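No experiment lies behind these values; they were computed from the predicted model shown. Here is how names work: the chains are called A, B, and so on, in the same order as the sequence lines, proteins then strands, and each is numbered from 1.
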Amino acid sequence: RSVGAVALPGQPGMAEAEAAGDAGLGPAAAQDGAELAAVIGATVPTGFEQTAAEEVREKLGSASRISKDRGKIYFEVPARSLPQVHRLRSVDNLFVVVQEFKDYQFKENKEDALKDLEDLVKKLPWTDPLKVWELNNSLKKKKTKRKKHNLQSPASRGKLSDGGEEGGADQNNTNDQEDCAQNPVAVEPTGGQDKENPQGVTSRNGVEEEEEDNEQSEVKAEVQASSESGSKADEAQTGEGEAKVLRFRVTCNRAGDKHSFTSNEAARDFGGAVQEHFQWKADMTHFDVEVLLNIHSNEVVVGIALTEESLHRRNITHFGPTTLRSTLAYGMLRLCDPQPTDIIVDPMCGTGAIPIEGAAEWPCCYHIAGDNNPQAVKRAANNISSLLRKNESKDSSTALGVPLDVIQWDICRLPLRTGSVDIVVTDMPFGKRIGSKKKNWDLYPACLMEMGRICTPGTGRAVLLTQDKKCFAKALSRVGHIWRRAQTVWVNVGGLHAAVYLLRRTSEPAQDTRPFW
Amino acid sequence: PRSPQAAEVRVRPVPFNAAFVSRLVPRLRWDALREAAESLGRPSELPPEPSPGYEADEEFLRRLHHVLLEVEVLEGSLQCPDSGRRFPISRGVPNLLLSEDEA
C-alpha cells in the first residue's frame with residue numbers, strides 16, 4: 001500500500017482548485033506528513049476496548065491507552081498512517097486529540113468553571129491537530145470522487161430504490177448511535193452530507209445512510225490517484241480551495257456527577273471562545289470542523305472529529321430491523337480467535353453482518369451463514385453481492401468470489417455434520433425486536449444443543465450475543481456437558497444492555513440424533 | 001443432502017489458497033463430493049480418492065479448489081439420499097427447511 005497522505009497533494013487536476021487553501025498547505029503538510037504525529041482517539045463498542053487495542057497494535061504497531069471513559073481508546077501514529085487508521089475494523093468513530101487533561105480541576109461555581117473552559121481555548125496546541133484534520137480532509141475528498149463515480153452505477157441505483165422497508169429500517173438505525181447521548185444536536189448525518197452537496201440537494205435520511213456506507217467502504221480500498229474520475233467541480237464545491245471561513249460546531253459529552261454545568265452550557269461557552277479565537281463561523285448543521293469536548297469526571301479531552309458518519313455500518317447496504325454494527329461483529333469474531341482454514345458458521349445470520357465481516361477480514365476461513373427467515377436470507381445474499389461488487393477489479397466483469405455461503409435453514413435442525421464446524425458466532429434473538437421472551441425459553445436450549453452438535457469437540461468455540469442474559473444462563477446450565485463459559489463481555493446494543501459470551505466446546509462428543517443429515 | 005441438479009451454474013474465480021484447500025480434505029466426504037461434481041458435469045476433475053501426498057500436489061488442489069469454491073449452483077436442487085426429498089436452490093441459496101410433518 002502506498003503512502004497515501006504524502007502522495008495526495010501532487011494530484012493533477014486538483015492543483016487549481018486547491019490553490020489558496022490546501023495546496024498552499026498541501027506540500028507543507030506533505031513534508032511534515034512524515035514527521036507529523038497524531039494522537040488519535042477512537043470510539044469503539046463498549047466492552048471491546050481491549051479487542052480494538054489489539055487490532056491497533058497488530059495493524060499500526062502502536063500501543064493504546066484505554067480510557068476510563070468507556071468505549072474510547074487512544075494511540076499515537078504518524079499522520080501518514082491515517083488511511084490505515086480509517087481501515088481499522090473495530091472502530092466506530094475517530095478524532096485527533098488536541099489535548100488531554102488527566103486530572104482537570106473544575107471550579108465549583110458554574111460561572112467560574114465555564115470561564116476556565118473558555119480561557120482554555122487560546123492555550124491549546126491547535127496547530128498540529130488542525131494539520132492532521134486537513135490531511136484527513138484530503139483523504140475524504142478522494143472518497144467523495146469515488147463515491148460520486150460509483151453512484152452512477154446501476155447497482156447503487158437499484159439498492160437505493162429497493163427502498164420500502166429498508167428505508168424505514170434505516171431511520172431507526174440512525175437513531176441507534178449512542179455516541180453523543182448528551183449532545184443536544186444529534187444531526188450528524190446531514191452535517192457530513194452537506195459538505196458534498198452544498199447546492200442544498202437533500203436526500204432522505206435513509207438514503208444518505210446507504211450512500212455513506214458506500215463512501216465509508218471506499219476507505220478500505222486503495223487511496224489511488226483518481227484523477228480519471230470525478231471533476232474539478234467537486235473540488236470547487238467543497239470550497240476548501242478558496243480562502244473560505246471555516247464553519248464549526250462543538251460537541252460536548254459530559255459524564256460524572258461533580259460538575260456544576262451541563263454539556264450544553266459547556267459546548268456553548270467553549271464554542272464561543274473557539275469562534276473568538278479562530279474567527280470561524282458557528283454552524284450546528286453545516287460544519288467543516290467538529291470540535292469535541294469530552295468530559296468524564298476529571299478527565300477532559302479536546303479533539304477534532306475525523307469521521308462524520310460512524311464506520312460501523314460499512315458492509316451493510318440492505319438493513320434489517322436488527323442489523324448488527326460491523327464493529328461489534330468484528331469484535332465478536334476476534335474474540336474467538338479464528339485460525340486460517342477454520343470453518344465459521346452463523347446459524348441465525350439475519351442480514352449477514354457477522355459472516356460478511358468475517359469473510360472480509362478473515363478470508364482464510366470458510367464462512368457459512370444461514371437463517372430460517374426468507375427475508376433475512378435474501379438481504380444477506382444482497383449484502384454479499386454488494387460486497388462482491390465493491391471487490392470487482394476493473395479488468396474482469398465477474399467479481400472475485402469470497403469464501404462465504406448463505407443457506408436457508410432451521411437452527412434446530414442444521415444440515416451440517418456433527419463436529420464439522422470450528423466456530424459458531426451469532427447474534428441471538430433478543431426477544432424484544434425479534435421473537436419473544438417466551439420463545440427464547442425454548443429456543444435457547446435447543447440452539448445450544450444443536451450448536452454443540454455441529455461444533456468440533458475440544459477445539460470448537462462459540463461467541464454468542466444476547467440481551468436475554470437470564471434465559472441464556474439457564475439454558476447454558478443445562479448444556480454444561482458440551483459448553484463451558486470462557487469469557488463474558490458486557491456490551492451496549494442499540495441502548496440495550498447485552499452480553500457477548502465466549503464458550504468453549506468440551507471434549508465430550510455429541511450424540512448424533514440426526515439420521516437424515 | 002447431495003446430488004445437486006443444476007439448471008443454472010456460475011463459475012466465479014476465487015483466489016487459490018493451497019493450505020486452505022489442503023486442510024479441508026480430511027473433513028470432506030469424498031464420495032459425496034465426487035458425486036456432486038459428477039452431477040454438475042465435472043466428473044473427471046476429481047480422483048476416486050485423494051492420494052497420499054495430496055498436500056503437495058498442486059494440480060489436484062487446484063481442481064479441488066475449483067469444484068469446491070468456484071462452481072456455484074444458482075438454480076437447481078439438492079436431493080436427500082435417504083428420503084429422496086428435493087430441496088430447492090434459488091439465486092444461489094439452498095432452502096433446507098423441513099416442513100412440519102417432515103421434522
side-chain contact (heavy atoms from CB on, under 4.5 Å) filter on A:Asp337, not counting sequence neighbours, yields A:Gln339
Supply the atom-to-atom distance A:Ile407 CD1 to B:Phe87 CZ, rounded to the nearest 0.5 angstrom.
-> 11.5 Å
B:Glu59 atom CD: more than 12 heavy-atom contacts under 6.0 Å = no
Tell me, with the steps shown, if A:Ile343 and B:Leu24 meet side chain to side chain contact (heavy atoms under 4.5 Å, CB included).
-> CA-CA 9 Å; A:Ile343 296 187; B:Leu24 279 178; 4.0 Å; yes
Please report the shortest heavy-atom distance between B:Val93 and A:Gln408, naming the atom on each side.
-> CG1-N, 3.9 Å
Max heavy-atom pairs within cutoff under 4.5 Å with chain B, candidates A:Cys364, A:Ala381, A:Pro403, A:Gly419, goes to A:Cys364
Roughly how far, to the nearest 0.5 Å, is CZ of A:Arg413 from CG of B:Leu97?
-> 9.5 Å
Contact check, side chains of B:Arg91 and A:Asn382, non-hydrogen atoms, under 4.5 Å | yes
Go through the structure and list residues passing side-chain contact (heavy atoms from CB on, under 4.5 Å) with A:Thr456, not counting sequence neighbours.
-> A:Asp422, A:Thr459, B:Arg27
